[in-house]
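No hydrogens, no waters, no symmetry mates; every other heavy atom, side chains included, goes into these values.
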Amino acid sequence: MTKNNPSLKVDVAIIGAGPAGLTAAYLLTKRGKTVAVIEKDPTYVGGISRTVEHEGYRFDIGGHRFFSKSQQVVDLWNEILPDDFIQRPRMSRIYYEGKFYSYPLRAFEALWNLGILRSTVCMASYLRYKLFPISEVKSFEDWTTNQFGQKLYSIFFKTYTEKVWGMPCDEMSADWAAQRIKGLSLWSAVTDGLKRSLGLNKKPNDGMATKTLLETFRYPRLGPGMMWDAARDKVLASGRGQVLMGHALERLASDGEGGWRLQAKGPEGSVLIEAAHAISSAPMRELSRRLHPLPETTVQASGLKYRDFLTVALMVEGEDLFPDNWIYIHDSKVKVGRVQNFRSWSPEMIPDPDMACVGLEYFCFEGDGLWSMDDDDLVSLATDEMEILGLVDRCKVKSGAVVRQEKAYPVYDEDYAANVDAMRRELEAKHPTLHLVGRNGMHRYNNQDHAMMTAMLTVENIIVGERLYDTWCVNEDAEYHEAGNEGTEVSLPSRPVSEDQAAALASVREVPERLRKSA
């Protein structure tokens with residue numbers, strides 16, 4: 001490709017250099033295929049798993065533990081980044097009114113921190129709703145109040161949940177609450193605490209039978225972007241791959257012979273890529289608008305919604321602010337939803353041993369008041385809120401930076417499943433050489449390793465020349481990164497899964513749905 005001839009031919013064109021796109025590119029070049037990857041970000045690969053650098057400080061966009069039940073994913077991580085993983089202790093807590101609470105909640109600790117009077121009110125509220133529960137349970141608020149009482153619900157569920165999802169708890173589906181908080185009850189937590197206090201509980205991780213939390217996790221020493229920088233470098237070093245940074249998808253058109261003509265706009269104009277196959281990790285809504293011919297399901301795709309967020313990183317004097325990797329902020333006095341402590345993720349992300357760096361995460365919608373604030377105003381807001389919370393003395397804040405992440409979470413509203421299914425079915429029927437992968441590419445709330453697995457299966461399908469594996473069956477369990485043993489799923493399935501097997505595999509990661517309107 002030259003300036004005078006901005007076009008190239010490859011076996012596979014890939015949209016997006018996130019975990020899914022780069023996994024596909026790396027594995028395809030290993031199998032002898034030529035690839036071209038376009039990435040609209042001019043600087044960073046890795047998508048939401050990138051690591052942003054500012055004045056030597058590195059920020060993880062959301063916090064990415066490297067854990068997977070898939071042995072193939074674990075092996076691939078080790079292959080791409082063999083010498084740069086560190087083992088880190090896992091610690092996260094809830095912050096409420098100046099006190100810290102273990103996450104998940106420990107009943108006795110929570111009641112002790114709340115004080116005798118408020119604990120009594122909490123227990124009375126709990127008993128009241130156990131004796132006289134809300135009979136017609138419709139919303140997240142109804143379900144959680146019945147489980148924990150109105151008082152505990154208002155302290156530990158309402159504020160944070162509404163910050164994250166941007167909708168009132170009384171408008172969220174009760175089904176989501178039942179799935180998201182499954183297996184946890186106040187009574188079981190209290191009895192577990194009693195056993196622990198009496199030395200009767202010998203199980204690890206506080207004896208909670210519902211799940212076993214990781215005590216440590218692996219992490220690249222310079223952040224998750226280190227993994228994807230290495231993957232990009234290996235693609236380029238293969239001699240069979242190109243990664244075009246700062247190139248946004250303009251149009252993806254069928255060539256009429258089963259292949260594709262991809263047009264991308266870059267800093268020096270448009271580039272044309274001709275390929276036999278196309279892999280897209282672009283949001284389904286955006287892809288539908290740039291496909292030619294325009295899909296019949298473009299209207300459905302345009303109905304897909306997303307939740308966005310931004311991180312305000314503060315550089316603060318003082319090495320050890322708190323030991324947590326991150327803290328959930330359950331306090332209505334501030335807008336921040338979660339605080340990351342990047343030194344606790346990896347000390348190497350902080351260039352000065354006498355400094356700390358924290359990331360305040362604000363959940364928002366693209367274009368709303370928070371999203372549109374000037375960076376200086378956001379740094380000022382974050383500084384104010386850290387002081388309000390008592391976590392940082394504003395005099396010790398030396399500088400700040402802002403990172404915006406659009407389309408961080410695909411929203412599962414009441415229409416999303418039908419909209420996704422309609423577009424998926426049309427594209428698979430009309431365009432067997434177009435493959436959707438990753439979180440936004442499939443509008444599924446995937447973890448990093450699940451996004452990689454969709455790409456790994458897609459590569460196998462391209463190599464054999466048919467859809468041998470159903471990529472939509474990759475597991476999305478909400479607790480996948482929290483529970484179980486690493487690498488317990490040894491290999492890919494040896495054959496396509498049946499409908500029943502697909503149903504068993506597809507454990508949908510829950511995102512709140514609004515209450516369905518009455519007919």
Side-chain angles (χ1 to χ4, degrees), residues 11-33 35 37 47 49 66-80 227-228 231 235 241 260 275-282 284 287 410 420-421 423-425 427-429 431-477 480-481 486-509:
D11 294 316
V12 184
I14 301 173
I15 303 166
L22 285 176
T23 295
Y26 174 67
L27 293 176
L28 284 165
T29 55
K30 280 187 65 179
R31 305 288 282 272
K33 300 293 185 181
V35 303
V37 185
S49 296
F66 278 69
F67 172 83
S68 179
K69 288 182 183 177
S70 167
Q71 187 61 51
Q72 285 207 329
V73 169
V74 174
D75 289 345
L76 188 57
W77 281 333
N78 292 334
E79 180 179 322
I80 295 173
M227 170 68 67
W228 304 114
V235 168
W260 296 95
H277 288 263
I279 295 175
S280 175
S281 64
M284 292 181 78
L287 177 67
V420 169
D421 187 63
M423 184 174 175
R424 170 196 172 185
R425 289 181 182 277
L427 296 186
E428 287 185 354
H431 305 296
T433 57
L434 174 59
H435 313 270
L436 306 184
V437 297
R439 177 182 284 199
N440 282 334
M442 303 171 76
H443 201 84
R444 303 187 76 175
Y445 194 10
N446 281 329
N447 291 325
Q448 178 179 226
D449 61 323
H450 297 123
M452 292 173 65
M453 183 59 75
T454 63
M456 294 164 79
L457 293 171
T458 293
V459 168
E460 296 302 317
N461 289 343
I462 289 173
I463 295 299
V464 300
E466 61 176 300
R467 291 187 189 272
L468 185 64
Y469 297 107
D470 183 355
T471 57
W472 296 82
C473 292
V474 172
N475 188 295
E476 299 174 282
D477 187 352
Y480 188 92
H481 63 294
E486 185 172 67
T488 53
E489 295 172 5
V490 176
S491 64
L492 299 174
S494 59
R495 60 184 185 282
V497 295
S498 69
E499 188 173 338
D500 289 341
Q501 290 171 320
L505 284 169
S507 176
V508 177
R509 187 172 185 185

**Student:** I need the Ile15 CD1 to Asn440 CG distance, nearest 0.5 Å.
**Tutor:** 13.0 Å
**Student:** Distance check, rounded to the nearest 0.5 Å: Met453 atom CE versus Ser70 atom OG?
**Tutor:** 3.0 Å
**Student:** Taking only residues two or more places apart in sequence or in another chain, which ones pass side chain to side chain donor-acceptor pair (under 3.5 Å) with Arg425?
**Tutor:** Asp421
**Student:** Could you walk me through whether Lys33 and Ile463 pass the side chain to side chain contact (heavy atoms under 4.5 Å, CB included) check?
**Tutor:** CA-CA 9 Å; Lys33 300 293 185 181; Ile463 295 299; 3.9 Å; yes
**Student:** Taking all atoms of both residues into account, what is the closest heavy-atom pair of Met284 and Gly441, and its distance?
**Tutor:** CG-O, 3.1 Å
**Student:** Return the minimal non-hydrogen interatomic distance between Ser281 and Gly16, and the atom names on each side.
**Tutor:** OG-CA, 3.5 Å
**Student:** Could you tell me which residues satisfy side chain to side chain donor-acceptor pair (under 3.5 Å) with Asp11, sequence neighbours excluded, listed by chain and number?
**Tutor:** Thr34
**Student:** Is there a side-chain contact between Arg444 and Arg439, using heavy atoms and a 4.5 Å cut-off?
**Tutor:** no
**Student:** Indicate the atoms forming the closest heavy-atom contact of Ser68 with Val73, along with that distance.
**Tutor:** OG-CB, 3.7 Å
**Student:** Looking at every heavy atom in both Ala276 and Trp260, which two are closest together, and how far apart are they?
**Tutor:** O-CD1, 4.0 Å
**Student:** Does the side chain of Asn447 come within less than 4.5 Å of His450's, by heavy atoms?
**Tutor:** yes
**Student:** Where is the tightest heavy-atom contact between Ala20 and Val437, given as atom of each residue plus distance?
**Tutor:** CB-CG2, 3.7 Å
**Student:** Do Met442 and Thr454 pass the side chain to side chain contact (heavy atoms under 4.5 Å, CB included) test, and can you show the C-alpha distance, the side-chain angles, and the key distance before you say yes or no?
**Tutor:** CA-CA 9 Å; Met442 303 171 76; Thr454 63; 3.6 Å; yes
**Student:** Between CE of Met452 and CD of Gln72, what distance do you get to the nearest 0.5 Å?
**Tutor:** 10.5 Å
**Student:** Considering all heavy atoms of both residues, which atom of Ala13 and which atom of Ala275 are nearest to each other, and what is their separation?
**Tutor:** N-CB, 3.5 Å
**Student:** Per the side chain to side chain donor-acceptor pair (under 3.5 Å) rule, what does the pair list look like for residues 17-29, sequence neighbours excluded?
**Tutor:** Tyr26-Glu79
**Student:** Could you tell me whether a side-chain N or O of Asn461 sits under 3.5 Å from a main-chain N or O of Tyr469, the two making a donor and an acceptor?
**Tutor:** yes
**Student:** How long is the straight-line distance from CE of Met423 back to CG of Leu436, given to the nearest 0.5 Å?
**Tutor:** 6.5 Å
**Student:** Under 4.0 Å between a Lys/Arg side-chain N and an Asp/Glu carboxylate O for Arg424 and Asp470?
**Tutor:** yes
**Student:** As an exercise, state the distance from OG1 of Thr433 to CZ of Arg467, rounded to the nearest 0.5 Å.
**Tutor:** 8.0 Å
**Student:** Hey, are the side chains of Phe67 and Gln448 touching, using non-hydrogen atoms and a 4.5 Å cut-off?
**Tutor:** no
**Student:** Evaluate Trp77 against Asp449 for side chain to side chain contact (heavy atoms under 4.5 Å, CB included), listing each step before the verdict.
**Tutor:** CA-CA 10 Å; Trp77 281 333; Asp449 61 323; 4.0 Å; yes
**Student:** Residues in side chain to side chain contact (heavy atoms under 4.5 Å, CB included) with Ala17, at least two apart?
**Tutor:** Leu22, Val37, Glu39, Val45
**Student:** What residues form a side chain to side chain donor-acceptor pair (under 3.5 Å) with Thr471, not counting sequence neighbours?
**Tutor:** none
**Student:** Please assess Leu28 against Ile279 for the test side chain to side chain contact (heavy atoms under 4.5 Å, CB included), listing each intermediate value before the final yes or no.
**Tutor:** CA-CA 11 Å; Leu28 284 165; Ile279 295 175; 4.1 Å; yes
**Student:** How many angstroms lie between OG1 in Thr458 and CE in Met456, if you round to the nearest 0.5 Å?
**Tutor:** 11.0 Å
